[in-house]
**Q** 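The structure that follows is given in the form of structure tokens.
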Amino acid sequence: MAKKIVILNGSPRAKGNTAELIKSFTEGAESVGNTVTCFDLQKMDIHPCLGCCGGGKNPDSPCVQKDDMDKIYPAYKEADMIVLASPLYYWTISGQLKCAFDRLFAVAECNENMENPKKECALLMAAEGSGYEETLYWYDRLMKHLGWTDKGRVLCGGVFNVGDIKGRKELDAAYELGKSLS
Ligand SMILES: Cc1cc2nc3c(=O)[nH]c(=O)nc-3n(C[C@H](O)[C@H](O)[C@H](O)COP(=O)(O)O)c2cc1C
């Protein structure tokens, strides 16, 4: 069955390596009828979580902060799958992605026992090196604690500058991952 897929793009570089992974993934996913919505977080006004634990009162706009997260919340609610896309920054995801993800806490606040909505998930990441261990540890813990299902990850090391990813087999892997989802 076709899925609704939301990509949270944490890369600030519009034409960077993460963007290329997203493009290939999206082409693959759409080729089998999935619907893909990508949020370029860098272009959005998204503030860090305040930790006030005062959200969850309005399911359409669950956070006390009113910013561009209100564009993401409805898509997140509808989505079958969330794709976390980010460059590796200091052995973890970018601040843009972390900020947005923390703000999804307000959705859990709408539910009894702070339960997170169940989603499928995937990870797309580009990096200069290949030090993914910390990120993969975090990602696996995230899946376990949210009760989400990992559908795969594509990690492309050895890419630093915009364009370095051209011709890399990880772009094919991202396409195939997208295509496998239906
Ligand atoms: C602030 C910053 C931190 C980075 N930290 C790492 C790192 O810890 N490990 C690594 O391999 N590459 C690191 N890089 C390199 C990026 O992951 C790499 O350039 C990646 O291809 C950028 O993806 P993008 O083109 O989507 O922006 C860092 C780059 C920046 C700007």
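Ligands are counted one by one from 1 in listed order, and the atoms in each one are counted from 1 as well. For reference, positions follow the sequence shown, starting with 1.
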**Q** Considering residues at least two apart in sequence or located in another chain, which fulfil the salt bridge (Lys or Arg N to Asp or Glu O under 4.0 Å) criterion with Lys3?
**A** Glu120

**Q** Taking the hydrophobic residues Ile, Leu, Val, Met, Phe, Trp and Tyr, and joining any pair whose side-chain heavy atoms are under 4.5 Å apart, which ones share a cluster with Ile22?
**A**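 Answer for Ile22: Ile5, Ile7, Leu21, Phe25, Val36, Met81, Val83, Leu124, Val154, Val159, Ile165, Leu171, Leu177, Leu181.
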
**Q** Report every pair formed by an N or O atom of ligand 1 and a protein N or O atom separated by less than 3.5 Å, giving atom names and the distance to 0.1 Å.
**A**
{"residue": "ligand 1", "atom": "5 (N)", "partner": "Leu88", "partner atom": "O", "Å": "3.3"}
{"residue": "ligand 1", "atom": "5 (N)", "partner": "Tyr90", "partner atom": "N", "Å": "2.9"}
{"residue": "ligand 1", "atom": "8 (O)", "partner": "Tyr90", "partner atom": "N", "Å": "3.1"}
{"residue": "ligand 1", "atom": "8 (O)", "partner": "Trp91", "partner atom": "N", "Å": "3.1"}
{"residue": "ligand 1", "atom": "11 (O)", "partner": "Glu128", "partner atom": "N", "Å": "3.3"}
{"residue": "ligand 1", "atom": "11 (O)", "partner": "Gly129", "partner atom": "N", "Å": "2.6"}
{"residue": "ligand 1", "atom": "12 (N)", "partner": "Glu128", "partner atom": "N", "Å": "3.3"}
{"residue": "ligand 1", "atom": "14 (N)", "partner": "Leu88", "partner atom": "O", "Å": "3.3"}
{"residue": "ligand 1", "atom": "17 (O)", "partner": "Leu88", "partner atom": "O", "Å": "2.8"}
{"residue": "ligand 1", "atom": "17 (O)", "partner": "Ala126", "partner atom": "O", "Å": "3.4"}
{"residue": "ligand 1", "atom": "19 (O)", "partner": "Phe160", "partner atom": "O", "Å": "2.9"}
{"residue": "ligand 1", "atom": "21 (O)", "partner": "Asn17", "partner atom": "ND2", "Å": "2.9"}
{"residue": "ligand 1", "atom": "21 (O)", "partner": "Val159", "partner atom": "O", "Å": "2.8"}
{"residue": "ligand 1", "atom": "25 (O)", "partner": "Arg13", "partner atom": "NE", "Å": "3.1"}
{"residue": "ligand 1", "atom": "25 (O)", "partner": "Arg13", "partner atom": "NH2", "Å": "2.9"}
{"residue": "ligand 1", "atom": "25 (O)", "partner": "Asn17", "partner atom": "N", "Å": "2.7"}
{"residue": "ligand 1", "atom": "25 (O)", "partner": "Asn17", "partner atom": "ND2", "Å": "3.4"}
{"residue": "ligand 1", "atom": "26 (O)", "partner": "Ser11", "partner atom": "OG", "Å": "2.9"}
{"residue": "ligand 1", "atom": "26 (O)", "partner": "Asn17", "partner atom": "N", "Å": "3.4"}
{"residue": "ligand 1", "atom": "26 (O)", "partner": "Thr18", "partner atom": "N", "Å": "2.9"}
{"residue": "ligand 1", "atom": "26 (O)", "partner": "Thr18", "partner atom": "OG1", "Å": "2.6"}
{"residue": "ligand 1", "atom": "27 (O)", "partner": "Ser11", "partner atom": "OG", "Å": "3.1"}
{"residue": "ligand 1", "atom": "27 (O)", "partner": "Arg13", "partner atom": "NE", "Å": "3.0"}

**Q** Can you tell me which residue pairs pass the salt bridge (Lys or Arg N to Asp or Glu O under 4.0 Å) test with a partner in residues 41-62, sequence neighbours excluded?
**A** Asp40-Lys43

**Q** Shared ILVMFWY cluster between Phe101 and Tyr137, side chains joined below 4.5 angstrom?
**A** no

**Q** About how many Å separate CD1 of Ile72 and SG of Cys63, when rounded to the nearest 0.5 Å?
**A**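 Result: 11.5 Å between the selected atoms.
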
**Q** As an exercise, state the distance from OG of Ser86 to CD of Gln96, rounded to the nearest 0.5 Å.
**A**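 Here the interatomic distance stands at 8.0 Å.
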
